[in-house]
Amino acid sequence: MTKPVGSNCNLYCKYCYYLDKERFYGKGRKVFPDDLLEKYIRQYIEGNQVEVVSFVWHGGEPLMAGLDFYKRVVELQFKHNPNKKRIENSIQTNATLLNEEWCRFFKKYGFLVGVSIDGPKSIHDTNRLNREGFSSFDKTIKGIDLLKRFKVEFNTLSVVTNLSEGKGKSIYIFLKSIGSQYMQFLPAVDYITQENDARPVIVSPLFESSATPAPWSLSSAGYGKFLTDIFDEWVVNDVGKIFVQLFDLTLASWVGIEPSVCAYRETCGDNIAVEHNGDVYSCDHFVYPEHIVGNLYRDDLQDIISSGGQINFGINKRNTLSRECLRCEYYFACGGECPKHRHFTTGEGDKKFALCEGIKAYYKHTEPYMKYMVELLAQERAPREIIPWARNIIKDGTFIAPAITKKL
């Protein structure tokens, strides 16, 4: 994940794990300098020995880099792509800064736009206000409408907090109503420290003893019910039409495909974060001094990724997990989830996913459906290489909704 403006953002979301990186880099405008950008793009394309090279632009709010920055990005990607690999760009935004010029650019160059929206206004605006404390919802919806008008491909990312508990179905239906066909749900379970009246600091999983649960954190049981409520609505009405990332990943696991998201793999380490000044961290969720693994001004990107420190970081995802988790019947699908959520320690002194019981309830609830889908996939001899279903596994994007509905 490339952070072209670091933690700079026009919003002030309560649960944002990146805003407090100002502690390390200070406040004020920050933008990836041109010389560093060119070096990064060249090394990134050269280092990816595959036909498709994907760039992920993240924040903060990456649109604050300005449109000219991304025009330069496209120029440099073309310049340093002599083997004509396919270049893909995705950008995660709160959508409040979108206008027609941005949308024309995204459409022209095929950017995939991820929009952060948590649900209806009452839920979204509880945590996602601007720096003056006013609503961001209407501007986000306006941005989504622009993306639809210009036919820019987009998906939605929704943070699941305690406010979302018991509202899974209604949030899902709302997201469908605004045109989202591809949805991601990110659970919020954090620990914070508070210094005087300053913004709370979200701490690393190796948190200090003074850290306390964040007020927005959801419960394990609430997370499980949130997921199963959405699944029950989706599996009857929307298979092959609406795509929920976790459901895709679950089926991938059941058919023996390695999950495409590092949180659900046995090991991790390829989700590095590249800051605006060239600092490289082991992971987007571990931007803390102890996890810096290099700087692009002095280090080659390939050397950073293949360094012992980065390799050990990825392997430790498995090696620091509790034996209870490793023996779990759903470990093959969960992979211990993201280490940033391992706030619980077992009696054996090992780390455990804080939402373990909730996601286990989800896997148990969906197991018979997944097994049935696997059976149908085998009968249809459908391609089995890549998830999501709509693009690779399912012919014509129709999947098997009629058959599943009949079976139910």
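Small disclaimer: the values here were computed from a predicted structure and weren't measured. We count residues from 1, following the sequence as given.
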Check your understanding: What is the ring orientation for Phe332 with Tyr330, classed by angle as parallel under 30°, tilted 30 to 60°, or perpendicular over 60°?
Key -> tilted
Review point. Is there a ring pair (Phe, Tyr, Trp, His ring centres under 6.0 Å) between Phe137 and His124 once you walk through the steps?
Key: CA-CA 7 Å; Phe137 179 82; His124 178 89; 5.7 Å; yes
**Study point:** Heavy-atom donor-acceptor pair, Lys3 side chain to Gly59 backbone, under 3.5 Å
**Key:** yes
Exercise for review: Applying side-chain contact (heavy atoms from CB on, under 4.5 Å) between Tyr12 and each of Leu19, Asn127, Asn130, report the one that passes.
Suggested key: Leu19
Exercise for review: Decide yes or no on ring pair (Phe, Tyr, Trp, His ring centres under 6.0 Å) for Phe106 and Phe150, but give the supporting numbers first.
Suggested key: CA-CA 9 Å; Phe106 289 149; Phe150 284 87; over 10 Å; no
Review point. Does Lys21 make a cation-pi contact with Tyr288 (under 6.0 Å, within 45 degrees of the axis)?
Key: yes
Practice item. Please determine, by modelled atom types, if Thr212 and Tyr191 share a side-chain donor-acceptor pair under 3.5 angstrom. Key: no
Review point. Is there a side-chain contact between Asn316 and Thr320 (heavy atoms, below 4.5 Å)?
Key: yes
Practice item. Please tell me if the side chains of Lys371 and Trp254 come closer than 4.5 Å, counting only heavy atoms from C-beta onward. Key: yes
Practice item. Answer yes if the side chains of Asn8 and Tyr25 hold a donor-acceptor pair under 3.5 Å, and no otherwise. Key: no
Check your understanding: Just checking, is any N or O donor in the side chain of Asp284 or Asn271 under 3.5 Å from an acceptor N or O on the other one?
Key -> no
Review point. Charged N to carboxylate O below 4.0 Å: is that the case for Lys79 and Glu38?
Key: yes
**Study point:** Beyond-backbone contact of Leu129 with Leu11, side-chain heavy atoms, under 4.5 angstrom
**Key:** no
Point to revise | Electrostatic pair Lys167:Glu165 at N-O distance under 4.0 angstrom | key: no
Review point. Without hydrogens or angle criteria, can the side chains of Thr96 and Asn10 be said to hold a donor-acceptor pair below 3.5 Å?
Key: yes
**Study point:** Side-chain heavy-atom pair Cys103, Leu147 within 4.5 angstrom cut-off
**Key:** yes
**Study point:** Expected output: side-chain Tyr182 to main-chain Gln245 donor-acceptor under 3.5 Å
**Key:** no
Practice item. Please step through side-chain contact (heavy atoms from CB on, under 4.5 Å) for the pair Gln310 and Ile272, ending with a clear verdict. Key: CA-CA 9 Å; Gln310 184 62 12; Ile272 64 169; 3.4 Å; yes
Review point. If only atom types and distance count, is the side chain of Asn277 paired as donor or acceptor with the main-chain N or O of Asp279 below 3.5 Å?
Key: yes
Review point. If we ignore angles and hydrogens, is there a donor and acceptor under 3.5 Å between the side chains of Glu357 and Ser220?
Key: no
Practice item. Determine the interplanar angle of the Tyr70 and Phe111 rings, folded into 0 to 90°, and report it as parallel if under 30°, tilted if 30 to 60°, perpendicular if over 60°. Key: perpendicular
**Study point:** Modelled atom types, side-chain donor and acceptor of Thr250 and Tyr264, under 3.5 Å
**Key:** no
Review point. Are any of the side-chain nitrogens in Lys71 or Glu75 under 4.0 Å away from the carboxylate oxygens of its partner?
Key: no
Practice item. For the residue pair Gln184 and Ser158, confirm or rule out a side-chain donor-acceptor distance under 3.5 Å. Key: no
Practice item. Give the ring-plane orientation class for Phe247 versus Tyr362, where under 30° counts as parallel, over 60° as perpendicular and anything between as tilted. Key: parallel
Practice item. For the pair Asn81 (side chain) and Lys85 (backbone), establish whether a donor and an acceptor sit closer than 3.5 Å, ignoring hydrogens and angles. Key: yes
Practice item. Check whether the side chains of Asp190 and His341 place a donor and an acceptor atom closer than 3.5 Å, and report yes or no. Key: no
Check your understanding: Taking atom NZ of Lys176 as the centre, does the number of heavy atoms from other residues, nucleotides or ligands within less than 6.0 Å exceed 12?
Key -> yes
Review point. Is Lys169 salt-bridged to Glu233, going by a charged N under 4.0 Å from an acidic O?
Key: yes
**Study point:** Note: Glu46-Arg42 ion pair, threshold 4.0 Å (strictly below)
**Key:** yes
Practice item. State plainly whether the residues Lys107 and Glu153 are in salt-bridge range, i.e. N to O under 4.0 Å. Key: no
Check your understanding: Does the distance from a Lys or Arg side-chain N to an Asp or Glu carboxylate O, for Lys148 and Asp145, drop under 4.0 Å?
Key -> yes
